[in-house]
Amino acid sequence: MIPPVNVLGMRLEDALRLCRAQGMAEPAIIATHAPRGQRSEGSLRVIRVREGEWTVSSFMDDTPKE
């Protein structure tokens with residue numbers, strides 16, 4: 001079921017918490033990354049929502065420190 005609220009761009013843990021609070025079944029989570037490699041830092045955010053499936057990707061939360 002597609003969530004009644006827009007979870008696109010939300011951190012995965014926040015989006016899942018919201019769906020649980022609404023009594024929705026948890027979707028299958030598909031992680032994706034850029035062709036050049038996966039980032040180990042940052043947080044997973046929802047980038048696509050399909051029936052029963054969310055695609056997530058890693059995004060930097062802070063400005064990199066120099």
Side-chain angles (χ1 to χ4, degrees):
M1 174 180 215
I2 296 192
V5 294
N6 187 357
V7 297
L8 290 175
M10 290 181 75
R11 291 165 64 153
L12 178 59
E13 60 269 15
D14 296 335
L16 287 171
R17 189 175 311 118
L18 181 62
C19 285
R20 288 181 195 125
Q22 294 180 0
M24 292 180 52
E26 289 195 25
I29 304 300
I30 309 295
T32 187
H33 56 83
R36 293 189 179 166
Q38 189 169 356
R39 295 180 190 159
S40 60
E41 63 278 338
S43 63
L44 292 176
R45 292 185 179 268
V46 180
I47 61 170
R48 182 176 68 186
V49 175
R50 290 190 173 173
E51 190 72 32
E53 177 184 288
W54 293 355
T55 303
V56 298
S57 188
S58 180
F59 285 83
M60 296 296 293
D61 291 323
D62 298 319
T63 304
K65 296 181 174 120
E66 295 182 24

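Every value quoted in this text rests on a predicted model; they were computed, and no experiment measured them.
Within the structure, every pair that satisfies the salt bridge (Lys or Arg N to Asp or Glu O under 4.0 Å) test and touches residues 21-30, not counting sequence neighbours, is listed here: R20-E26.
Residues passing the side chain to side chain contact (heavy atoms under 4.5 Å, CB included) test with I47 are T32, T55, S57, F59, sequence neighbours excluded. In this view, L18 and V5, V7, M10, Q22 satisfy the side chain to side chain contact (heavy atoms under 4.5 Å, CB included) rule, not counting sequence neighbours.
The structure places CD1 of I29 at 9.0 Å from CD of E53, a figure rounded to the nearest 0.5 Å.
Residues L12 and I30 are members of separate hydrophobic clusters, defined by side-chain heavy-atom contacts under 4.5 angstrom among Ile, Leu, Val, Met, Phe, Trp and Tyr.
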